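What you are looking at is a predicted structure, and each value in this text was computed from that prediction instead of being measured.
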Number of protein chains: 2
Amino acid sequence: MTPDPDRFLADLHALRRFGAQGRGVVRPAYSEPDIAARRWLADRMEEAGLTPHVDPVGNLFGLAEGPSLLLGSHSDSQPEGGWLDGALGVIAALEVARAARAAGGPAVSVVSFQDEEGRFGVTTGSNVWAGGLPLAEADKLTDSAGTSFAEARARMAGMVTGDFIPPERFTGFIEMHIEQGPVLDDAGEAVGVVSNIVGIRDMRVTFEGQHNHAGTTPMAVRRDAFQGLCAFSERLNARLADVVTPQTVWTIGHVSLYPNASSIVPGRATFSMQWRDGEAARLARMEEIIRDTAQAVAGERGLTLSYGPMLGLEPVQMDARLQSALTEAAEALAPGRWRHIQSGALHDATNVSARLPAAMLFVPSINGISHNFDEDTAEADLVAGVKVLAEAVARLG
Amino acid sequence: MTPDPDRFLADLHALRRFGAQGRGVVRPAYSEPDIAARRWLADRMEEAGLTPHVDPVGNLFGLAEGPSLLLGSHSDSQPEGGWLDGALGVIAALEVARAARAAGGPAVSVVSFQDEEGRFGVTTGSNVWAGGLPLAEADKLTDSAGTSFAEARARMAGMVTGDFIPPERFTGFIEMHIEQGPVLDDAGEAVGVVSNIVGIRDMRVTFEGQHNHAGTTPMAVRRDAFQGLCAFSERLNARLADVVTPQTVWTIGHVSLYPNASSIVPGRATFSMQWRDGEAARLARMEEIIRDTAQAVAGERGLTLSYGPMLGLEPVQMDARLQSALTEAAEALAPGRWRHIQSGALHDATNVSARLPAAMLFVPSINGISHNFDEDTAEADLVAGVKVLAEAVARLG
């Protein structure tokens, strides 16, 4: 079975046009452009001989007859995300489904999951579909504008064609995606076969001191919450160095000070503390160090310390049989230009793996840039990726 | 001449009622409560035998006949400021003017300056009056809501009774104010005679790196602007230790990250860097260290560094003759319970000192708290302060 590179690239660029903003594709869940993009995608699926199906949360399936392998990803994006994060895996799935059908099999279904980027939750559409998140819970989630998931999905109620598709209908799931990191690009490699997806911990931390006049409060008596945060971050970096691997990451990405005025000593600093690793034990050890370091800094500086709820997703291993089909295909089509790689990003495959054998295929991100309008992949690598995916599917058929 | 403590405290609480919010007095420049408070104050001045005068920026004077000593402060407040910051000096001036008049002299005028707390600029009313800021420049200033100073002052155009009063009409200026720091309260002292007012430097600093995916960007290749800020702050604290005095202060009070999301490595950190000291030379040396440290951190971490315009006010010495009148009065009425003290906060007296002999008298802030609803001073200290002020005025007459 042979995918058509021109048809594949044409559809990829066609999807990009919906709600394009800057150089990137911005498609907030359930907005008009999102609905228009789904209509377009449903039409492509129908042309490919698949039966479009939109479930109650807006996951769009293109269903083959009988048992089939499920391919796909998501087609929403970050507010300033790039054009490939998600969309690539959906269009690659569509092309491979077409090629498989033309070749007389195996049966391939396609999916575009809803709200993977977490406008409401995190990988919301696949999480509800895979049973990890009850719909009643998901409906209570709100986006930054205060719109609830229930209100948002009501906007596309007209598109819903039926209930959730039972995961058992599918024999497995393969998601093609850009790496969103620099590893393949730095090595000049074309594809990566994902061995596992890291686990994540994310919690809000607050240091509270005393806000006061920045001119008259001597340094010695200040209880400056921002100085506490800086001391915490520097000390944490030093302490984590002993327990992490080169793949481990931790990030303070969101900071909010109160009163946040240049003439007032900050009385409160609330910040996000997020860390990711492939091993649950290391994630737990890092949590101990984070809490211990924050407690020590708070104690030394007369600050009170409090934590928000902790978001956690466990690390998952990719299915061995699907992985070997991908590695054989990669070795056949890109000999010496592929590797096994860990995914530092969350993906719908994390949720799906709870219900189905799941695997992932990466293509390079130029300069490792993602969640950014500059996100891109060389055309030759996009094509190599879809060919490896098709070859793996053929070997599984 | 003897001030009346009951009349003084009654008027102080009466002024507090205008626009009271929480425990504090919030009186944004030119709002309805501000105008009502000024009407009330103008009536009190008239009852005291003074001639009310509102100049084009809303500075409210109560004028005595002929040459006179000017006493006063401001009656606006910070959004969450306390009830004494500003209002105390205005009501103390009113009471001393009444007492002086009852005693047959010396002639005392009263002033309540506009917008001291910097809703628009910094000490805007006294700065325009003293000639430090041209009115045309002040009119271009905007508050956080985008309202221009010109638009705001137009709201109280009906109250304006004439042009700016020539500073030369007055023989000197004394401003009574709460310390806004912990020194007097910690020492159990009743009053402080201000020797000088510190100078201030304030500028916006920006570190720019690369925002990127917080899961897939290895720590080693990140250009995290927030990590740059933390490293800068910690290193700056260490380097400044060699050049500062116990009175020197420096503050990072405002921080803004971009994109400021928990799953994205911060690509930009913009923050306020403010420092204050009594000596211009030390302020300049600190600026060198701040710029040098920021440059070093930016260079090591692949960040670009940029600066906003620097706000600067020079340190000023209080007038020797007015100071000695205050010290003699303090020693006579509060022997052993007063000290010479530096002002770490800016005051209208900083501007006035450019045109007139100027001095300040402090009373304690309980626990050093100011710019906070909890700001307060013991009643006995409020009364001691107004008595010392009256005694100093008598000695100057």
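- Contact of A:S256 with chain B is not made at all, since no heavy-atom distance falls under 4.5 Å.
- Counting only N and O atoms by type, the side chains of B:H74 and B:D115 include no donor and acceptor under 3.5 Å apart.
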### Message
The test is side-chain contact (heavy atoms from CB on, under 4.5 Å); show your working for A:W250 and A:V244 and say whether it passes.
### Response
CA-CA 10 Å; A:W250 61 99; A:V244 298; 3.7 Å; yes
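- Annotation: maximal heavy-atom pairing with chain A below 4.5 Å, among B:H254, B:Q274, B:Q342, occurs at B:H254.
- Within the 4.5 angstrom heavy-atom criterion, atoms from both the backbone and the side chain of B:I252 approach chain A.
- The most heavy-atom pairs under 4.5 Å with chain B, out of A:D202, A:T217, A:V265, come from A:D202.
- Ring to ring, B:F271 and B:F232 are close: their centroids are under 6.0 angstrom apart.
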### Message
Working note: B:M176 + B:S73, criterion side-chain contact (heavy atoms from CB on, under 4.5 Å); need CA distance, chi angles, decisive distance, verdict.
### Response
CA-CA 7 Å; B:M176 178 173 165; B:S73 186; over 6 Å; no
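- Using a cut-off of 4.0 Å between Lys/Arg side-chain N and Asp/Glu carboxylate O, A:R282 and A:E287 are scored as not salt-bridged.
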### Task
List the steps and the verdict of side-chain contact (heavy atoms from CB on, under 4.5 Å) for B:V221 and B:N212.
CA-CA 10 Å; B:V221 304; B:N212 213 329; over 6 Å; no
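- With chain B as partner, the option from A:Q247, A:Q227, A:R204 having the largest number of non-hydrogen pairs under 4.5 angstrom is A:Q227.
- A donor-acceptor pair is defined here as one N or O able to donate and one able to accept, closer than 3.5 Å; no such pair exists between the side chain of B:S263 and the backbone of B:A214.
- For A:Q180 (side chain) and A:D85 (main-chain N/O), no donor-acceptor pair under 3.5 Å exists by modelled atom type.
- Using a distance-only test at 3.5 Å, with no hydrogens or angles considered, a donor-acceptor pair links the side chain of B:N260 to the main chain of A:V255.
- Annotation: maximal heavy-atom pairing with chain A below 4.5 Å, among B:A220, B:A225, B:A231, occurs at B:A231.
- For a residue to count as touching a neighbouring chain, one of its non-hydrogen atoms must lie under 4.5 Å from one of that chain's; by this rule B:E179 touches chain A with the backbone only.
- Heavy-atom pairs under 4.5 Å with chain A were tallied for B:I200, B:D224, B:L229, B:V183; the largest tally goes to B:L229.
- Highest contact tally toward chain B, considering only A:V198, A:I369, A:L346, is held by A:I369 [criterion: heavy-atom pairs under 4.5 Å].
- Of the two parts of B:S343, neither the backbone nor the side chain holds a non-hydrogen atom closer than 4.5 Å to a non-hydrogen atom of chain A.
- Looking only at heavy-atom pairs under 4.5 Å with chain B, the residue among A:P259, A:A261, A:G181 that has the most is A:A261.
- Residue A:E234 touches chain B through its side chain alone, counting heavy-atom pairs closer than 4.5 Å.
- Options A:M273, A:R222, A:M219 differ in how many heavy-atom pairs under 4.5 Å they form with chain B, and the most are formed by A:M219.
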